[in-house]
Amino acid sequence: MTLLQVHFLAAGFWLGLLAVETVLELHPRASESTIAVVHKWVDLLFEGPAVLLVLTTGALLLGGNWPAPPLLLLKAGIGLVPILANFYCFPLVLARARTTDAQRAVVLSRRIKLTGAAIPFVFAAFALGLYLR
């Protein structure tokens, strides 16, 4: 398996996890505590490693194509947006799972949901990656 294939597999896996987390976060009948615990374990066991793999393989691919053409740099920049959003979101998810203060959990949940604004950047980077391969 090539590095590019590993990168696409990890990015696709991460995209699937984002779909799972979106459904989980927006589930109308799930309790806040259930959402917090499940999201925490999804992040720890699956999403964290997937994001690190995407970041690592992406950096290796970019380094192997250096000096990179402008379109590849654009793709890398777009891809960094959801990675940075994930690095911001991860501690929020952990804090929400630990908190016993209901008001703090609501605030953390709002912040977590706001990171969903980075999801279109995932699709854009994925589409550009398919185009550039």
Side-chain angles (χ1 to χ4, degrees):
M1 185 175 278
T2 69
L3 186 60
L4 183 60
Q5 289 170 331
V6 172
H7 184 70
F8 274 127
L9 183 65
F13 182 71
W14 182 24
L15 189 58
L17 288 170
L18 291 175
V20 167
E21 289 176 340
T22 300
V23 168
L24 176 67
E25 289 291 336
L26 300 177
H27 194 284
R29 291 185 294 166
S31 72
E32 276 294 315
S33 61
T34 300
I35 292 170
V37 170
V38 172
H39 194 159
K40 176 187 88 167
W41 284 110
V42 168
D43 274 14
L44 287 172
L45 297 176
F46 303 106
E47 189 174 13
V51 170
L52 291 176
L53 186 58
V54 168
L55 181 61
T56 303
T57 56
L60 291 170
L61 287 165
L62 186 61
N65 287 300
W66 202 259
L71 198 55
L72 183 57
L73 290 174
L74 176 65
K75 183 238 177 258
I78 291 171
L80 275 177
V81 172
I83 288 172
L84 294 174
N86 196 272
F87 286 162
Y88 170 75
C89 186
F90 188 72
L92 298 175
V93 169
L94 296 180
R96 181 179 64 175
R98 280 192 311 264
T99 192
T100 55
D101 180 3
Q103 185 58 35
R104 174 125 172 93
V106 169
V107 169
L108 291 168
S109 291
R110 273 195 218 120
R111 290 181 184 168
I112 290 165
K113 288 175 184 166
L114 282 175
T115 63
I119 291 175
F121 290 88
V122 175
F123 287 109
F126 199 81
L128 272 173
L130 288 174
Y131 174 75
L132 292 174
R133 62 178 175 108

Novice: Answer whether the closest heavy-atom distance between the side chains of Leu61 and Leu4 falls below 4.5 Å.
Specialist: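 In contact.
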Novice: State, yes or no, whether a side-chain contact exists between Leu44 and Leu94 at a heavy-atom distance under 4.5 Å.
Specialist: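 Yes, side chains in contact.
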Novice: Nearest 0.5 angstrom please: Leu92 CG to Lys40 NZ, how far?
Specialist: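 Going from CG on Leu92 over to NZ on Lys40, the span is 15.0 Å.
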Novice: Val54 versus Phe13: any side-chain heavy-atom pair under 4.5 Å?
Specialist: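 Heavy-atom side-chain distance check fails, nothing below 4.5 Å.
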Novice: Under the rule for side-chain hydrogen bond (donor to acceptor under 3.5 Å, both in side chains), what residues qualify as partners of Thr57, not counting sequence neighbours?
Specialist: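 Scan of Thr57 (side-chain hydrogen bond (donor to acceptor under 3.5 Å, both in side chains), adjacent residues dropped) gives His7.
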Novice: Which heavy atom in Arg96 sits nearest to a heavy atom in Ile35, and how many Å separate them?
Specialist: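 Arg96 and Ile35 have their closest heavy atoms at NH2-CG2, 3.8 Å.
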Novice: Taking all non-hydrogen atoms of both residues, which atom of Ala117 and which atom of Pro120 are closest, and how far apart?
Specialist: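 Where Ala117 meets Pro120 most closely, the heavy atoms are O-CD, 3.2 Å.
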Novice: Taking CZ in Phe121 as the centre, count heavy atoms belonging to other residues, nucleotides or ligands within less than 6.0 Å. Is the count above 12?
Specialist: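 At most 12 heavy atoms, drawn from other residues, nucleotides or ligands, come within 6.0 Å of this atom.
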Novice: Working to the nearest 0.5 angstrom, can you tell me the gap between Phe46 CZ and Trp41 CH2?
Specialist: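 Atom-to-atom, Phe46:CZ and Trp41:CH2 are 11.0 Å apart.
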Novice: Atom CG in Leu62, atom CG in Leu73: separation rounded to 0.5 Å?
Specialist: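 That separation rounds to 6.0 Å.
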Novice: To the nearest 0.5 angstrom, please state how far the CG atom of Leu84 sits from the OH atom of Tyr88.
Specialist: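 Rounded to the nearest 0.5 Å, the CG-OH separation comes out at 13.0 Å.
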Novice: Going by side-chain contact (heavy atoms from CB on, under 4.5 Å), name the residues that satisfy it together with Thr56, two or more places apart in sequence or in a different chain.
Specialist: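 Listed in chain order: Leu60.
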Novice: Phe123 versus Leu15: any side-chain heavy-atom pair under 4.5 Å?
Specialist: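 Yes, side chains in contact.
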Novice: Nearest 0.5 Å, please: how far is CG in Asp101 from CG in Leu108?
Specialist: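 That separation rounds to 9.0 Å.
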